[in-house]
Each structure stands twice: as C-alpha cells, then as structure tokens.
Amino acid sequence: MVALPPVLLIALPLLFAFLAPLVGMVSRRMVKLYTLLVLILNALLSILLFINVMANGVVYEQLSGFYPPVGILLSVGYLGAILAVLINVLSPVVYLSYFGEAENSVKFSMLYMLVTASSTGIVITGDLFNMFVFFEITAVGSYGLVASLRTKEAFEGSFKYIVLGSIGSAFILMGIATIYGYLKTLNFYDIALRIDTMPETARLMSFIFLIVGIGVEAEIFPLNGWVPDAYQGASNRVASFLSVGPSKAGIYAIARLIFTLIPIMSGFELSLLLGIFTLVVGELAALRQRDVKRMLAYSSIGQMGLILIALSLHSETALVAAVFLMVGHALAKSILFIGSRDYSGGLLRNPLIAGPLFLGVLSIVGMPPFPGFWGKWYLMVDLASRGAWTIILLIVFTAIVEGVYYSRYLFRGLNGEIRTLTKSEIASIIILASILILIGLFPQYLYDPAVMAARSLLGGGP
Amino acid sequence: MVIEIIEKILLLSGMVALGFIIGMFFNGFARKVTARIHNRVGPPIYQGYLDVFKLFAKKTNISHGWIFDLAALFSVAGIALAFLFLPVAGISLLSTEGDLFLILYLLAIPALGFALGAGASGNPNAAVGIMRALMLMLAYELPLVMVIVAMMVHYNTTSLATLVQMQSNFKWALFVPQFFIGAIIVDMALQGMLMEKPFDIAIAPHEIASGPMVEFGGKHLGALMLYKMMAIVVETTLFVDLFLGGGVVLSVEQYGWIAYLVNFLVWFALITFVFFLALLINAVFPRFRIEQALKFYWKYDALAALLLLIWVYAGVSI
Amino acid sequence: MRNEDWKKISRLVSKRSLWMVHFCTGCGAMEMPPVMTSRYDMERFGMHAMATPRQADILLITGYLAVKTLKRVVQVYEQMQDPKYVIGFGSCTINGGMYWDSYNTIKDLSKYIPVDLYIAGCMPRPEAIMDAFLKLMDMIDKGEAIGWKKYRKYYDQYKRNQRMAFAYRLDEVKEIKEDDAK
Amino acid sequence: MLMETFYAFIIGSLVVLALNRFPRIAAVVAIAVSLLPLFALIYWAPLVGLTLPSYLSLLRFETEISYALGPGTILLQITPLGWFFLFLLATTFPLVLLFASSFVRDNAGGFYASMLLTMLGSFGVLLARDMLTFFIFWEIMSWSILALVLRGHDRRAIVSYLAFGSLSAMLLLFGFMILYYKTGTFLFGEMALEATPLTLAGISMIVAGFAVKGALMPLHVWAPHVYSRSEEPFVAFLSGGLSKLGYFGMILFMYGVATVPFFATWGTFRGVPYFGYALAVIGAFTAFAGTVLAIMQDDLRKLLAYSSIGQLGYVAIGIGIGTPLALTGALFQALNHTFFKAVLFLAAGAVYYRTGRWKISELGGLGYKMPFTFLAALFAIFALASIPITSGFAAKWLLYEAAIEQGFLFVTPIMLIAGVGAFLYAYKILYGVFLGEPRHDVREAPLSQLVAMWILVLPLVVFLVFPGWVLDITSPILQEYGMQPVAHTPYVITTNLAAYNTIAVILALIGTLFLALILYKWKPQKVVPHEDNYLAGEPPENYEYISMHAASNYYEPFEDVFGGIFRKGAERGWEIVLAGAEFLSNGARRIYTGLTEDYSIYILLFFLVLVGWWLLW
C-alpha cells in the first residue's frame with residue numbers, strides 16, 4: 001500500500017477550491033461535477049489514510065521543512081483518522097444533494113471544499129496554532145455557507161455566527177497566547193510534555209480560554225447561541241454539512257484539549273457538567289419547537305451534549321460510545337437535514353424518502369441496531385458500571401423527550417399535500433441511510449478502531 | 001358400565017324434568033301469592049303448566065332466522081346445565097365436576113343466549129331490555145361475588161358440594177354471624193337475579209313492551225318461560241346451598257332413602273320460602289330505574305359486603 | 001291418542017290461559033282496570049294482559065277505529081300468532097256507535113278482520129266483559145272461535161275490504177273495482 | 001437453520017419492499033417466510049415434552065447460538081417459556097398475513113416488510129438469553145411497530161406510541177444497567193441477584209417497561225390510539241401476539257432472573273411477595289378499568305383495545321400472584337387472549353372491509369349477511385366472556401382458584417366483576433355489529449379472511465375439550481422455575497380447592513342442548529323478515545330518518561354513573577406530565593432569545609464564572 005502523505009487531504013481540496021473559478025469560466029455547470037470529483041478523491045484518500053493509520057499506528061508528517069516543535073506537524077491519530085473518514089466520506093454524499101438545484105454557484109462549491117479541507121485539517125493536525133488557523137478557515141467558510149441562501153434568515157444566522165465565532169476565535173487566540181507565553185511552543189506533544197511546568201493559574205486560564213473558544217464551534221451550552229439561528233437560516237445541505245464537518249471537528253478539538261493538551265481532572269468534571277447542561281437544555285428546547293430545522297438544531301445541541309458526556313467520562317467504553325455517537329449523529333442528522341427540506345407534510349408518503357428519514361430518527365432516538373443505539377448503550381454500560389444513576393436518569397429523561405418531539409416530527413411528515421425532494425437529494429439520503437444500516441448491523445468494524453482511538457486518547461496520544 | 005351410564009343419563013334427565021316441573025309450579029305459586037296480597041283470587045296454582053302448554057300448542061310460531069332460534073335453545077339448555085351442576089338437597093350429580101365459579105359462568109350461558117336471540121329480532125325494545133338486564137347483572141353481581149368470595153376464603157373451598165357438606169348437621173352458614181349479614185346481602189342480590197321488583201326494569205311491560213321478550217311468541221316464548229321458571233329454581237337453590245346447607249337435614253348414611261326424601265322436601269320448602277320472601281318484596285314495591293338499581297347495589301349492598309370482607313379478612317389468616 | 005283428542009285437550013288447556021293485548025282507542029279502556037283488579041280479577045281464568053301482539057292470543061279492540069288506526073290494527077292482528085281471537089268492544093266496533101256518520105271511522109270491524117265476539121253497549125260494563133270472556137272460553141272449548149281460520153280462508157276478501165277502506169283517492173277505488181271484476 | 005431464519009426475515013423484508021407494486025406476490029413471499037418460525041416451533045416441540053411426527057418439521061433448527069458481537073455476546077437459546085410464547089406468535093403471524101393479503105392494498109410492500117421485521121424482533125426476543133440481545137431485538141420489534149403505526153397517519157397514535165415506546169425502552173435500559181451494575185454480567189443464566197433495594201428498583205423498572213408493552217394501567221395510554229388507528233391485521237397481531245411479549249418479559253425477569261425468594265425478602269402478604277401483590281392489584285385495577293372503558297366505547301376498535309387492556313390485566317394478576325396455579329392461569333389466559341382477540345380484530349377488519357364503517361352505532365344486522373364471520377366472532381366473544389363453551393373459561397378459572405387459594409379477599413371480587421363487565425361489552429359488539437337491524441347490503445368476507453379467522457378459532461375449541469394440553473406445555477416452564485406443576489389430565493384440572501372437568505360440562509351441555517332441540521323442533525315455525533317487527537305496529541318505511549337499531553349510546557345509564565370517573569382519567573394524568581415537560585421546555589427555549597448581544601453576554605458570563613469559580617474562589 002502506498003502511504004500517501006496526510007497533507008494531501010488538506011492540500012488537494014484547498015488547491016482545487018481555488019481552481020474552481022477557472023472551471024467556472026469554462027462552464028458553470030461543470031463546477032458541480034468537478035467539486036464532486038474532488039471530494040470523492042478526497043474521500044478515497046481519507047480511506048487510504050484510515051487504513052494506513054489502523055495498520056501502522058499514528059502517522060506524522062512535518063511540513064515546510066522545519067522540525068517540530070518549531071515546524072508545523074500533522075499527526076493523524078486513531079480518532080482523527082475516524083473523523084477524517086467520516087467528514088470526507090460524508091462531504092461528497094451531502095454535496096450530491098446540491099445536484100438537483102438549478103443554481104450553479106461557484107462560490108458555494110469553493111466554500112464547501114474549503115470547509116471540508118479545513119475541518120479535516122482540524123482533526124489531523126498536531127499543532128495548536130495550525131488548529132487555530134483551520135478553525136478560522138472553517139468558521140469563515142461556514143459563515144459564507146450559512147449565508148449562501150441569501151435570505152433574511154440566512155444573513156441573520158450568518159451574522160450571529162460571525163459575531164459569536166469571532167468571540168470564540170479571540171478566546172482561542174488568547175489561550176494559545178497564554179500557552180505560548182509560558183511554554184514557547186505550540187506543538188501538541190510538546191505542550192503535553194511540559195504542561196505541568198506551567199503555573200497552576202496559567203494552566204487553568206489557558207484551559208478556560210480554549211474551552212470557551214472551541215466550545216463555540218462545538219455547540220456547547222451556553223456558547224451555542226448561534227446554532228438555532230444559523231441552522232434555521234442555512235439551506236438544508238449546509239445545515240447537514242455543518243453537523244458533519246465543523247461540529248465534529250469542534251468536538252474533536254475538545255477531546256484533544258481535555259485528553260492530550262491539558263489533562264486535568266477538573267477539566268473532565270467541567271466538560272461533564274457542560275455536557276449534561278447541553279444535553280438537557282438542547283433536548284428540552286427542542287420539545288416545544290415547531291420549526292423543523294430549529295428543532296433539529298436543538299436536537300443537535302442535545303446530541304453534542306451526549307457526546308461531551310461520553311468524552312468526559314475518561315474511560316475506554318465511554319470513548320467508544322463517543323465515537324459511535326459522533327458517527328451516528330453525523331449520519332442521522334445529515335439525513336434528517338437533507339430530508340427535511342420543505343418539510344411540511346406528505347413527504348413521508350414516498351417510501352424512498354420515508355425510509356431513510358425513519359432510520360435517521362431511529363438512530364438519533366437510540367433504537368437498535370443503529371450507531372446511535374450502540375453509542376447510547378456503551379455510554380449507559382459505562383455509566384452503570386460506575387453507578388452514575390443521576391446521569392443515567394437525565395439521559396433516560398432526555399431520550400423520552402426526544403421520543404416525543406421526533407414523533408411529532410414524523411407525524412408532520414405524513415399529513416398534508418404531497419411534496420417530494422429532488423432525485424439527487426433522495427440519492428444522497430439513501431446512501432447515508434445505507435451507511436447507517438451497515439454500521440448498525442456490523443458494529444464491530446467501527447468498534448475495533450474506536451477501541452484503538454480510545455486507548456490512544458487515554459494514553460495521552462492523538 | 002353401559003347400565004351405569006344409562007342410569008346416570010336417566011337420573012340427569014329426571015333431575016332436569018324435576019327442575020322444570022318445580023319451576024312451572026313456582027310460576028303459578030308466584031301469581032297466586034301476588035294475587036292474594038293484592039286481595040285478588042288469582043289464577044289456579046297450576047297456571048304455569050297451562051301457560052307453557054298453551055304456548056307450545058300455538059299453531060304458528062314466528063321466528064326471525066337462525067340466530068333468533070339460538071335464544072330458545074341456549075336459554076333452556078344453559079339453565080338446565082346450570083341446574084345439573086348444583087347440589088340439590090345434598091345430591092350432587094355433576095357438582096363435583098365443577099365449582100361455584102363454573103356455576104356463576106354457566107348461569108351466563110342462558111343469559112347470553114337469550115340476549116343473542118333477542119338482539120337478533122332487531123327490535124329496539126329488546127335491545128334496550130337486554131342492556132338493562134346486563135347492567136342489572138353487573139349491579140347485583142358485585143355484592144354477590146363479594147360475599148361468595150368471603151365464603152370461599154372462610155371455608156377454604158370453591159366447590160359448592162363441599163360447601164354444602166361442611167354445613168351439614170345444621171352448621172349452616174346462616175348461623176355464622178358474618179354470613180348472616182352475607183345472607184341478607186345475597187338475598188338483596190337475589191331480588192335482582194330473579195328480576196323481581198324493585199329490579200324489574202329490564203322487562204318493564206308498560207315501558208319497553210316486556211323488553212327482551214318483545215318479539216317472542218309461541219314456542220319461543222314457551223322456551224323462554226321455561227328458562228325463567230327454571231332460573232327461579234336454580235337461583236333460589238344457589239342461595240339455599242350457600243347459606244342454608246342445601247336443605248340437608250338427615251345424613252344419607254344413617255337413614256338411607258328416607259334421608260333423600262326428607263332432604264328433598266326440606267330443600268323444596270326452603271327454596272319456596274326464599275322465593276316467597278322475594279315475592280313479598282315484589283308485591284309491594286315500585287321499580288327502580290336502572291341507574292338507581294346500579295347505585296343501590298354498588299353503594300349500599302356492596303358497601304355492606306365490603307364490611308363483611310373486612311370482617312372475614314380480620315378473622316382469617318393463612 | 002287420536003289427533004282429535006289432542007286438539008280437544010289443547011283447546012281445553014288453551015282456554016284457561018288466554019293472554020290478550022288491548023288496542024285501546026276509545027273511552028272503553030276505562031272499563032278494563034276493574035276487570036283486571038281485585039273486584040273482578042280476570043286472572044282467575046288465567047287471563048293476563050300482555051305487552052306485545054307476538055305474545056297475545058286475544059286482540060281486544062276497545063272503541064272506534066279511524067281508518068289510520070285500522071291500518072295498525074290489521075298489522076297488529078297479522079303479527080299475532082295462530083290461534084288468535086278478536087273481541088270487538090262497545091258499539092263503535094259494531095256499527096260506528098256515536099261516530100256512525102263520520103267519514104273517517106270504520107263502521108263494521110268484522111269487514112276488515114274476523115271478529116269472534118262483540119260486546120255491545122256504550123260502554124259495556126265490566127260484568128259484560130267478564131261474560132264475554134267466559135263466552136269466548138266456551139266457544140274455544142267447543143271449537144267455535146274460528147276467526148283466525150276465517151281470516152286465512154277469506155284472506156283476499158278481507159284484504160280487498162281493507163284496501164277499500166285505506167283508499168283515499170278515486171283512482172285507487174277504481175283500481176280495486178277493476179281487480180274485483182277480474 | 002436458526003441464523004438463516006433471521007437472514008430470511010431480513011432478506012424477505014427487503015424483497016417484499018421491492019415487490020411493493022405487486023401486493024399478492026409480496027403477500028405470498030411474506031407468508032412463505034413467516035412459516036419459518038412455525039417450523040422452528042415444531043422442531044423444538046420435544047423441549048416441552050411434545051412428540052410430533054418428524055416429517056412435520058421440514059427444517060432443522062439449532063437450539064442455541066452464541067457468538068461475540070463486538071464487545072458483547074449474542075446468545076440465543078430456546079427455553080420452554082420462549083417456546084410457549086413462540087407458539088402464540090408463530091401460529092398467529094402467518095394467518096394474520098393471510099388476512100392481510102386481501103385486506104392491505106395501499107403500499108403493501110411496506111406493510112409486509114414491517115410485519116416481517118416485527119416478527120424478526122419478537123423471534124429474537126423469545127430466544128434471547130442475555131440483556132443485550134434481548135434489548136436489540138426488543139427495540140427492533142418496537143420500532144417496526146412504529147413503522148406500522150406511522151401508516152395510520154394519526155397524530156395521537158404516533159406521538160403516544162413513540163413517547164411511551166421511548167419510556168419503555170429507557171426503563172428497560174435503566175433496569176438492565178442496574179442489573180449489570182449489581183451482577184457484572186449480561187447473561188441471564190449467570191445472573192445471581194442479591195436482594196438489595198437497588199436490584200429491586202432495577203427489576204421494578206424492567207417490569208414497568210414491560211408493562212408499557214403489555215398496556216397495563218396507567219401505562220396503557222398509547223394502546224387505544226394505536227389499536228384504533230392502524231390496519232386490522234397488524235392490530236390483530238399487536239394485540240394478540242406482540243402485547244404478550246410484555247408479559248413474557250415479566251415472567252422471564254420475575255421468575256427466571258429474579259426469583260420468588262428474592263421478592264419474598266421484602267415480606268409477603270398471604271404467601272405472595274408484596275411486589276407480586278402490587279402487580280396483582282394493578283392488574284386487577286386494569287382488568288376492571290379496562291372493562292369499564294370498553295363498555296363506554298362506540299368505535300369498535302377502541303372497544304376491542306380497551307378490552308385487550310382489561311383482559312391482559314388478568315395475565316398481570318396471574319404473574320403477580322406467582323403461584324404455580326396462577327402462573328399457569330396467566331399463561332393460559334395469554335394463550336386464549338391471543339387467539340380470541342386476533343379473531344375479533346380480524347372480524348372487525350372483515351366487517352370494515354365490507355362496510356367501510358368502524359362505529360358500532362353505524363353497523364348492524366351483519367349476522368345474517370356475513371354468517372361465517374359472525375360465527376367466528378361469536379366463538380371469540382364467548383371466549384372473551386369466558387363462557388364455558390370455549391377454552392376462555394379454563395384460564396379465568398385457574399386464576400380465580402389461584403386468588404382464592406391465597407385468600408385474596410379484595411382482588412378476587414374485582415376480577416370477577418370485571419369478568420361480568422366483559423359480558424356487557426361483548427354483547428355490545430354482538431348486538432351493535434352483528435344483530436339488530438340490517439343496515440348494509442354486503443357479501444360475506446373474502447375466503448382468505450375467513451380461513452384466517454377460522455383457523456384461529458380452532459385452538460379455542462380444541463383447548464376447551466382438552467385444557468390439559470395447555471397445562472402440558474406450561475408444566476416445563478413451571479419446572480424450570482422450580483415450581484410444582486398443576487395436577488391435570490387432558491380434561492380434568494384439579495386444584496386444592498376444587499376440580500374442573502371439561503368433558504362433564506361439554507357432555508352435559510350437549511345433552512341439555514339435545515333436550516332443548518327436541519322440545520324446540522316439536523313444532524314447525526315460520527321465518528318472517530326482519531322488517532316484520534313490533535314497533536308501534538308499523539315497520540319504518542324511511543330508513544334515513546328512523547332507525548330501529550338501538551346501538552348508539554347503548555350503555556348510556558352506565559356512562560352516567562361511571563363516565564365521570566373513568567373517561568380520560570389516565571390520559572389527563574399524562575397530559576399533566578407532558579405539560580410539565582413543556583413548561584421546562586419553554587424555559588429552555590427562553591434561553592435562546594435570538595439576540596446576538598445576549599449570546600455574547602452568555603459567552604462572557606460563562607468565561608467569568610469559570611474564571612471566578614476556579615481561580616478566585
């Protein structure tokens with residue numbers, strides 16, 4: 001097997017993104033196909049990288065000739081590889097739904113590729129500043145994507161996202177500055193090695209700066225004010241992509257922060273607390289929500305809370321649960337977001353649409369044998385083995401709340417005038433649903449990588 | 001073996017015939033008693049036989065189809081079946097093959113069969129009558145089953161034959177203080193079971209044209225009359241078996257066939273007495289509306305039965 | 001046992017168990033309560049008022065019959081089961097009584113349904129009614145109360161008369177006349 | 001062949017989904033697949049002591065499968081209890097599909113696919129011997145029911161089913177987790193429960209989770225909505241078959257995983273643990289309230305739904321009392337209920353298929369138009385009312401005996417009075433639908449529907465004569481739980497208190513019927529049409545304005561007395577709970593004001609709180 005450098009994963013879409021206007025000059029319709037091909041190529045690369053990582057362990061690559069800790073380092077860990085595959089495989093599938101659209105926006109395709117590349121960058125980087133840069137690119141790209149619908153709501157959502165995202169960026173930058181000021185390094189490994197030499201206060205301050213900053217992107221309560229508006233304003237495929245790419249990248253960053261970067265006990269406690277709050281607030285807010293996209297956005301918040309809880313439990317089973325939850329959430333939410341375009345009724349009368357949407361709901365609600373179930377099951381097993389009944393009770397309560405509002409969602413898709421989706425959208429949700437079923441029926445193929453990722457993270461690795 | 005079976009069949013048929021004969025006698029008896037209370041002369045005491053004979057002698061018999069016919073069949077067969085499973089005067093023909101629960105449910109066969117035919121007639125009066133009869137059933141069954149359950153737990157048996165046996169030598173349940181109250185409760189329920197006033201709203205002739213029977217004439221009505229008459233015997237016998245030792249006064253082992261005769265006469269006297277009590281109430285009361293009947297049974301009768309249950313509960317420990 | 005004997009026994013028993021349904025149209029119904037209650041007590045003879053024609057043996061018509069009412073009377077009569085007897089009560093059923101010149105009241109009941117026995121008087125006293133019942137029993141015993149057989153035998157004739165009474169347009173009457181000619 | 005059966009179900013469901021446009025072929029495929037559990041049932045029959053001719057089982061099935069799936073273990077193994085419930089499901093399922101072949105027209109592929117998945121889930125649940133497997137299959141069953149409920153397009157049905165389904169799933173999950181925490185294993189066989197309050201809480205949660213599926217009050221709210229708004233073949237299977245799985249689970253966890261001594265640790269009442277006694281009381285209340293509510297319904301399906309709830313209450317009573325007699329009664333009642341309720345729902349479906357009406361007050365007089373449907377329904381109703389001319393009585397009798405044996409003074413009268421109440425609504429079905437004035441000129445139901453109904457009636461008749469055969473197959477279950485089986489021969493059941501001889505009852509009934517027939521046939525009769533009816537001396541001529549059918553508000557006086565207490569009682573309660581949740585939800589939504597400045601302030605406040613908490617305080 002050819003061990004391709006991981007940097008291709010970032011570089012290729014970046015490069016091709018800037019070539020897109022050239023293609024657009026030739027034929028604007030070609031751009032879509034071009035983008036799709038690039039994304040598929042990227043997906044193949046990510047799969048190769050994943051296989052490489054699983055076979056040979058963590059893959060490192062130095063960039064621009066400098067050696068770490070000074071130079072830029074890419075380090076693809078197990079979790080990073082899983083997420084890279086997740087982002088890069090789902091990104092073309094989600095993009096597929098753009099094909100039925102009449103408009104051929106070159107800018108949209110460019111931004112899409114940029115965000116794909118930068119989200120991938122976040123999960124495979126080994127350098128804090130690098131991560132910050134990718135965060136910025138992701139955020140800026142996402143602002144553009146959210147606004148791409150050019151409606152009032154879209155601009156409103158984008159604006160809120162910009163404001164909050166900028167505040168978040170500032171916090172990340174402050175965190176980086178603090179760490180750099182004390183340790184004179186930005187390499188993850190270097191920081192992890194020498195973090196104990198930092199004064200207690202500085203360490204905590206940098207932790208707080210970083211978690212506040214990353215939390216904005218990772219949709220953590222109370223930093224996620226932009227989420228409902230941005231998801232509501234954005235077009236469905238953008239909302240879908242946001243739940244695949246940036247949000248997963250954000251949660252990955254938090255995982256790196258609490259596990260590798262500044263592994264302090266109170267960090268885990270804090271993130272557990274945040275996770276619980278995010279879960280409860282998100283699910284409760286969704287219960288009374290009438291707008292479908294807003295409801296799904298709140299539900300996303302709830303799921304993020306669940307993932308955060310799983311991350312902060314600091315155990316192998318819980319981390320496996322987190323991986324399953326991330327994969328399940330990315331798949332199911334992207335199905336639901338794409339499928340819910342024009343969601344006012346009659347949609348579920350078409351079995352080709354109803355099937356994937358139904359499976360998506362089942363996975364989110366945690367019905368076996370879908371990834372969402374495996375995630376909840378392992379999380380519960382872990383919580384049970386330490387007797388954390390309060391958290392179990394909260395999860396149980398929110399799951400029932402989920403059941404109520406998703407049943408309303410299903411009902412709304414049944415009655416009313418018949419509507420349908422474009423063929424490309426249907427194709428895209430069917431592909432997503434197939435992946436969902438496959439992972440659900442053969443969980444061991446995700447379980448083994450997830451265990452490796454968990455062990456690596458627990459051992460302080462990437 | 002064959003002779004035994006034939007003997008048994010003959011005995012059973014004889015028992016059924018006896019039940020019908022006594023039932024028909026009760027019809028005339030009831031009318032006579034009521035007439036005397038009304039200061040009338042009343043019909044001859046054998047009037048029941050005449051009526052049934054006349055009905056079966058009618059020239060045309062109008063039916064509404066095969067479901068309608070089921071009524072007559074099931075009501076006569078069902079009530080005879082229930083009678084066979086009762087210990088009569090200490091003679092238990094089939095009563096060891098089933099128990100009190102079976103009898104309670106066997107009593108439902110004729111009732112449901114009757115209701116089936118009445119409903120099949122398509123007459124709304126019949127339907128209304130059946131509705132009232134079923135509700136009345138629900139009403140009186142509550143105090144009835146409460147007392148019966150209390151007795152079952154007290155005597156630790158569900159078999160009526162065993163219950164009768166336990167009451168022999170005048171250890172009647174009536175003489176046990178709590179079941180003296182129970183007897184009064186069940187007697188009130190019996191009034192509803194017999195559909196005598198004040199609980200005869202289901203067959204109110206002036207209001208719903210005799211209710212379920214409205215479409216029945218000729219042999220169909222004859223069959224229903226047989227059912228109603230036999231039902232009197234069955235229900236009063238149930239009461240006598242429960243509280244009055246089934247009329248057993250002499251032990252068969254000791255006195256032989258004389259015991260049978262005496263027991264039988266005592267049983268007959270007792271059921272006549274029980275029925276007579278019901279007639280006395282019937283003759284002087286107006287009727288309840290159906291919801292009043294329901295409230296009466298579930299409020300006063302059932303409350304008394306509940307107190308009885310508590311009493312028995314306090315006295316019994318397993 | 002010969003068939004004749006059987007019939008004899010059957011009649012002997014049936015006459016002691018006569019159930020009747022009253023068709024109370026006129027003022028004559030007033031006289032029924034004394035008959036039923038303790039003063040005269042018709043239950044002595046096994047007689048009983050029943051609620052529906054299906055169950056009854058005697059149809060007792062107590063008073064005048066308007067044409068509309070006659071329709072119902074005929075239906076009631078036809079719903080009764082053989083053997084069945086009709087008693088016309090009071091002069092209204094015999095000749096219209098005080099409504100003898102009414103355009104809307106039938107004058108002779110026996111034209112429409114077979115009447116076994118009339119009780120004359122306006123209105124008859126309970127004694128007369130009791131007497132009529134005893135007479136009817138006697139007739140049944142002797143096999144003279146054969147109104148139900150007559151109704152079967154002359155069914156067409158009775159039907160024609162009924163149609164005639166029910167007709168209220170001239171062409172209907174004409175139609176009946178044409179049928180008669182056939 | 002066991003693993004292949006599961007694959008066959010998955011592949012079969014995909015195939016029928018593809019055959020969406022050819023409903024008849026889809027039906028044939030679905031029925032062919034649905035016979036597999038039946039073969040398995042026959043092959044496993046020796047487990048419960050039945051010897052069946054070997055040619056009956058065309059295929060060979062393993063009795064145990066075990067392999068590791070990811071971190072957990074999948075352990076499937078047939079047990080006598082599983083066999084008993086498989087008997088109920090596997091026999092009902094093909095017949096229900098047969099009925100559906102003429103009933104379901106709209107999107108038939110989706111229907112059969114979901115039905116096959118439902119059966120797949122149930123099959124797995126019955127074989128599961130560890131909690132992971134159990135939960136996976138349980139939830140597959142649960143959500144494939146949801147797929148079928150969605151076809152009803154009814155908001156209340158969908159919302160209540162998914163809400164209570166989640167509640168049930170989460171209660172089960174919570175309970176399983178507690179058991180796992182205390183025992184450290186997922187395998188039923190290896191669990192040794194200590195009697196601690198936490199374990200009891202876990203078992204209670206599991207039992208409550210199953211009670212949702214078994215529609216035990218007050219967790220029954222979903223049932224009437226779902227039963228009354230879904231397709232009849234599915235409802236027949238749901239009420240007849242799937243609702244039993246809740247009671248299967250209860251028996252499994254109360255007597256297989258936990259034991260009577262486990263419950264007895266917290267004290268007993270008249271020989272019955274308090275836990276079981278509470279379950280019995282809840283069951284009795286369910287039986288009574290379900291019956292009362294059934295009496296008040298006008299919608300045929302709602303009536304049957306409440307009747308299901310009431311009848312299953314008896315099963316809960318039996319499980320609660322937990323003596324061998326009571327458990328046998330509960331199992332027998334479950335068996336009876338499976339068959340008679342399936343027949344009744346199918347008969348309701350056949351009536352709807354021909355008339356297009358569900359309301360009892362709009363039906364009438366179908367007994368002469370659809371005589372075979374009527375007779376099947378009549379048998380089922382006799383069984384429902386436990387009249388001793390079907391097997392319905394034996395089950396109730398066992399339960400009554402069990403209650404009296406334990407000296408239950410207050411539960412038994414409620415059971416008995418609920419039994420009397422069953423007569424009321426049974427007659428309402430009979431009169432409203434099949435008797436009375438004929439109002440629809442329709443033909444008899446199609447042959448496939450009749451065949452399905454009549455085969456389902458068969459067990460009711462067979463087990464009337466030989467109730468001992470049911471006791472034969474329940475005895476191994478009792479032995480597995482270390483209990484003494486009930487003494488019986490094929491037609492005599494003997495308890496400490498009395499005996500019940502079915503042959504005596506049947507022969508006496510035949511005899512008396514014969515007598516009555518002689519008496520009856522003595523005189524010839526004349527059949528007159530329905531319209532020749534006593535009604536003010538005149539049959540109505542104009543049917544549009546006058547109806548002689550007295551079926552609307554049939555038990556109005558009853559409703560006057562009980563309506564205020566029972567109607568919507570439970571639903572109100574749950575609505576208050578939901579309102580509470582929605583109040584919280586409004587609070588949560590108020591956090592998201594939609595104002596950017598607020599959100600910015602949140603971030604800063606959050607930062608300040610963290611800083612303040614960690615650094616300054």
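This is a predicted model, so every value here is computed, not measured. These values consider heavy atoms only, across backbone and side chains, with no hydrogens, waters or symmetry-generated copies. Chain naming here is simple, since letters A, B, ... match the order of the sequence lines and numbering starts at 1 in each.
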Nearest non-hydrogen partners of [X] and [Y], listed with the distance:
| X | Y | result |
| --- | --- | --- |
| B:Leu84 | D:Ala508 | CD1-CB, 4.4 Å |
| D:Tyr427 | B:Ile130 | CE2-CG2, 3.1 Å |
| B:Trp66 | D:Pro371 | CZ2-CB, 3.9 Å |

Would the number of heavy atoms belonging to other residues, nucleotides or ligands and lying under 6.0 Å from [atom1] of [X] be above 12?
| X | atom1 | answer |
| --- | --- | --- |
| D:Tyr277 | OH | yes |
| B:Phe53 | CZ | yes |
| B:Gln292 | CD | yes |

Counting heavy-atom pairs closer than 4.5 Å to chain D, which one of [options] comes out on top?
| options | answer |
| --- | --- |
| B:Ala139, B:Ala115, B:Ser159 | B:Ala115 |
| B:Lys219, B:Met146, B:Glu291, B:Met135 | B:Lys219 |
| B:Ile310, B:Thr157, B:Val149, B:Val76 | B:Val149 |
| B:Leu112, B:Leu294, B:Leu116 | B:Leu116 |
| B:Leu134, B:Ile67, B:Ile109 | B:Ile67 |

Top contributor to chain B interface from [options] [non-hydrogen pairs under 4.5 Å]:
| options | result |
| --- | --- |
| D:Phe514, D:Tyr400, D:Phe374 | D:Tyr400 |
| D:Val505, D:Thr412, D:Leu507 | D:Val505 |
| D:Ile387, D:Ile389, D:Thr502, D:Asn501 | D:Asn501 |
| D:Gly421, D:Pro388, D:Ala504, D:Gly419 | D:Pro388 |
| D:Gly367, D:Gly511, D:Ala516, D:Ala385 | D:Ala516 |

For the [atom1] atom of [X] and the [atom2] atom of [Y], what is their distance to the nearest 0.5 Å?
| X | Y | atom1 | atom2 | value |
| --- | --- | --- | --- | --- |
| D:Ile295 | B:Leu138 | CD1 | CG | 6.0 Å |
| B:Leu81 | D:Leu509 | CG | CG | 5.5 Å |
| D:Glu405 | B:Thr158 | CD | OG1 | 9.5 Å |
| D:Phe423 | B:Met137 | CZ | CE | 4.5 Å |
| B:Leu142 | D:Ile417 | CG | CD1 | 4.5 Å |
| B:Asp99 | D:Leu497 | CG | CG | 8.5 Å |

Heavy-atom contact with chain B under 4.5 Å, split by part of [X]:
| X | answer |
| --- | --- |
| D:Leu515 | side chain |
| D:Leu375 | side chain |
| D:Phe382 | side chain |
| D:Leu378 | side chain |
| D:Phe269 | side chain |
| D:Leu430 | side chain |

- prompt: Can B:Glu141 and D:Leu416 be said to form a side-chain contact (heavy atoms from CB on, under 4.5 Å), step by step?
  reply: CA-CA 8 Å; B:Glu141 287 273 351; D:Leu416 278 160; over 6 Å; no

message: Donor-acceptor check, side chain of B:Tyr105 to backbone of D:Ser386, threshold 3.5 angstrom: yes or no?
response: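 No: the side chain of B:Tyr105 does not pair with the backbone of D:Ser386.
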
query: Is there a donor-acceptor pair closer than 3.5 Å between any side-chain N or O of D:Tyr554 and the backbone N or O of B:Ala127?
result: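 Between the backbone of B:Ala127 and the side chain of D:Tyr554 there is a qualifying donor-acceptor contact (under 3.5 Å).
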
- prompt: Who are the ring pair (Phe, Tyr, Trp, His ring centres under 6.0 Å) partners of D:Tyr500, not counting sequence neighbours?
  reply: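 Ring pair (Phe, Tyr, Trp, His ring centres under 6.0 Å) check on D:Tyr500 returns D:Phe393, D:Trp397.
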
task: Mind running side-chain contact (heavy atoms from CB on, under 4.5 Å) on B:Phe101 and D:Ile404 for me, showing each step along the way?
output: CA-CA 11 Å; B:Phe101 291 122; D:Ile404 292 290; 3.7 Å; yes

For [X], is it the side chain, the backbone, both, or neither that has a heavy atom closer than 4.5 Å to a heavy atom of chain D?
| X | value |
| --- | --- |
| B:Phe85 | side chain |
| B:Ala57 | backbone |
| B:Leu144 | neither |
| B:Lys295 | side chain |
| B:Leu102 | both |
| B:Leu106 | both |
| B:Trp298 | side chain |

message: With side-chain contact (heavy atoms from CB on, under 4.5 Å) as the criterion, how do B:Leu306 and D:Phe410 come out once you've worked through the C-alpha distance, each side chain's angles and the decisive distance to 0.1 Å?
response: CA-CA 9 Å; B:Leu306 191 68; D:Phe410 299 98; 4.1 Å; yes

Student check: side-chain heavy atoms of B:Arg289 and D:Pro557 closer than 4.5 Å: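 Answer no - side chains too far apart.
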
